[in-house]
Amino acid sequence: MNKDKIFKLAKGFRGRAKNCIRIARERVEKALQYSYRDRRNKKRDMRSLWIQRINAGTRVHGVNYGNFMHGLMKENIQLNRKVLSELSMHEPYSFKSLVDISRNAFPGNKNVVIPPRKVAF
């Protein structure tokens, strides 16, 4: 990379990393490595967040995440985790119907006792 491109990428860095070419080159190279790594980590983090949201939504109805997903797989319901997490947050009635379908499809879900809901005053 030429000098101008490095200084353009180093804009906003602290100290001499923004105006001294040797330090700027090292910092820019490291920043590009971090951005490459974190583009992959972002996908991992989002999947983890979706799973946590689905798990929270299913536990309200007395089923855990693994049994819920297994029941959906047995019923051949092919919704991805992103859509399921959005349903659990914004469409609770639709999500409850999916939980019921999953519960009927997988025998491990039937023995689970549904916890009573707390009534807010």
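Any value given below was found using the heavy atoms of this structure, including those in side chains, with hydrogens, waters and symmetry copies removed.
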Q: First locate atom NZ of Lys8, then atom CG of Asn2, and finally report the distance between them rounded to the nearest 0.5 Å.
A: 10.5 Å
Q: State, to 0.1 Å, how close Ala105 and Gly71 come at their nearest heavy-atom pair, and which atoms those are.
A: CB-O, 3.6 Å
Q: Verify whether one side chain among Arg39 and Tyr34 offers a donor that lies under 3.5 Å from an acceptor in the other.
A: no
Q | Passing option when Arg81 is tested against Met46, Met69, Arg53 for side-chain contact (heavy atoms from CB on, under 4.5 Å) | A | Met69
Q | Arg22 atom CZ, over 12 foreign heavy atoms within 6.0 Å | A | no
Q.
Hydrophobic cluster membership, with links at side-chain heavy-atom distances under 4.5 Å among I/L/V/M/F/W/Y: are Leu98 and Ile51 in one?
A. yes
Q. Do Phe68 and Phe95 have their ring centres less than 6.0 Å from each other?
A. yes
Q.
Nearest 0.5 angstrom please: Met89 CE to Ile54 CD1, how far?
A. 10.5 Å
Q: Check the pair Lys96, Asp100 against side chain to side chain contact (heavy atoms under 4.5 Å, CB included), reporting the backbone distance first and the verdict last.
A: CA-CA 6 Å; Lys96 183 175 181 346; Asp100 293 339; 3.4 Å; yes
(Q) For His61, is there any backbone N or O sitting under 3.5 Å from a side-chain donor or acceptor partner on Arg103? (A) yes
Q. Can you name the one residue among Arg25, Glu26, Arg27 that meets side-chain contact (heavy atoms from CB on, under 4.5 Å) with Ile6?
A. Arg25
Q) Heavy atoms, side chains only, cut-off 4.5 Å: are Leu87 and Leu79 in contact? A) yes
Q) How long is the gap from CD on Glu91 to OG on Ser97, to the nearest 0.5 Å? A) 10.0 Å
Q. Can you name the nearest heavy-atom pair linking Val63 to Asn67, along with the distance?
A. CG1-CB, 4.1 Å
Q: Working to the nearest 0.5 Å, report the span between CD of Glu86 and NE2 of His90.
A: 4.5 Å
(Q) I'd like to know if Asp45 and Lys42 make a salt bridge, using a cut-off of under 4.0 Å between side-chain N and carboxylate O. (A) no
Q: Verify, without hydrogens or angle tests, whether Ser48 (side chain) and Arg44 (backbone) share a donor-acceptor contact under 3.5 angstrom.
A: no
Q) Under 4.5 Å between side-chain heavy atoms, hopping through other hydrophobics if needed: is there a path connecting Leu32 to Ile21? A) yes
Q: Validate the cation-pi geometry between Arg40 and Tyr36: distance from NZ or CZ to the six-membered ring centre under 6.0 Å, angle to the ring axis within 45°.
A: yes
Q. Between Leu84 and Leu72, is any pair of side-chain heavy atoms under 4.5 Å apart?
A. yes
Q) Hey, mind stepping through Val28 and Phe13 against side chain to side chain contact (heavy atoms under 4.5 Å, CB included) and telling me if it holds? A) CA-CA 9 Å; Val28 164; Phe13 287 3; 3.9 Å; yes
Q.
Determine whether a donor-acceptor pair (N or O, by modelled atom type, separation under 3.5 Å) exists between the side chain of Asn80 and the backbone of Val83.
A. yes
Q: Determine whether Ile77 and Tyr65 fall in the same hydrophobic cluster, where Ile, Leu, Val, Met, Phe, Trp and Tyr are linked whenever their side-chain heavy atoms lie under 4.5 Å apart.
A: yes
Q. Do you know which two heavy atoms are closest between Phe7 and Ala24, and how far apart they sit?
A. CE2-CB, 4.1 Å
Q. Given side chains that start at C-beta, do those of Lys74 and Asn104 come closer than 4.5 Å, heavy atoms only?
A. no
